[in-house]
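This report concerns only the one structure given below.
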Amino acid sequence: MKKRSVIDVLDLSVEELDQLVATANDIIAHPDDYAHACDRKKLATLFYEPSTRTRMSFEAAMYELGGHVISMAGANSSSAAKGESVADTAKTVSCYTDIIAIRHPKEGAALVAANNASIPVINAGDGGHCHPTQTLADLLTIYREKNTFSGLTIGVCGDLKFGRTVHSLLNAMSRYPDNKFVLISPEELKVPSYVKQDALKSKGLPYEQTTDLEEAMPKLDILYMTRVQRERFFNEEDYLRLKDSYILTPEKLHNAKADLSILHPLPRVNEISVAIDDDPRACYFKQVLNGKFMRMSLILKLLKEAGTL
Ligand code: NCD
């Protein structure tokens, strides 16, 4: 048995993504069958950056599988504050637990952890790079809303430059057939060219880039809103100028499809008016719950592959 880590959504094949979704659906249908699947196993959460949903859903996922959780206190009150490297922390935590979920402000930190840990490592977000388990939450949501991953027009809107969830979502949805992409952002917050190249251009997939959300709206089956990532800006002035670029209000949905699905990885700042929360097209709180089921599915898979279960 070989330990396997998930740093990028591309570490999982399309067949594996489908299988993870199928397992999550089975967990939803038969939760009792999984209640002891990870008895006596331990998950470590190492979060060097703020988080509510990702960390708590990893923890809830492990508890619902019958396992236990050990969390590193924030970066400021652990040995990271004394200058310990991610590599040494990963080696240390491997002595105590069976699997690690790590979030870090630096791109590549999760890979460093994976290269040094003797147990599976899951990237829970590395800087502006990627966030594969948010994409798993997004995929289960899309599947449960649309019953397919193909033939969809997917609009991503907001901070497409620093928004790591968008990068991972494009890398996942571009591997399913017949999807079209509409990239909606201010000029300065466009999808980085390396992501566009790998996910879209290299496969010759149809995509458009626009600054105009309302013009794009009628085409969309999925609208994936994101917040402007204040913590990744080099200066506050730019953030203040760009932060309100897109605010989705009920009026802006006037020409949207009746079966549009509105997703957002959350946290929301003000990109979606709370007046939309009761609209049947709003899926972002379902997405939160789906994230827990997909993390259960992924923890099970990686622990089985590592021979721990
Ligand atoms: C996202 C993240 O951390 O990248 N949050 C999350 O995990 N649900 C999105 C964000 O912070 O804007």
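First listed ligand is number 1; within each ligand, the first listed atom is number 1.
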Contact set, ligand 1, heavy-atom distance under 4.0 Å, ordered by chain/number, equals T54, R103, H131, Q134, R164, T165, R227, Q229, P265, L266, P267
Among V21, T141, I27, D138, which one satisfies side-chain contact (heavy atoms from CB on, under 4.5 Å) with M294? V21
Establish, yes or no, whether a centroid distance under 6.0 Å links the rings of Y176 and F149. yes
Check the angle between the aromatic planes of Y284 and H264 and answer parallel, tilted or perpendicular using the 30° and 60° thresholds. perpendicular
Is any NZ, NE, NH1 or NH2 atom of the basic residue among E187 and K161 found under 4.0 Å from an Asp or Glu carboxylate oxygen of the other? no
Any pair counted as salt bridge (charged side-chain N to carboxylate O under 4.0 Å, His left out), so long as it reaches residues 17-32, sequence neighbours left out: none
How long is the straight-line distance from OH of Y224 back to CD1 of I142, given to the nearest 0.5 Å? 8.5 Å
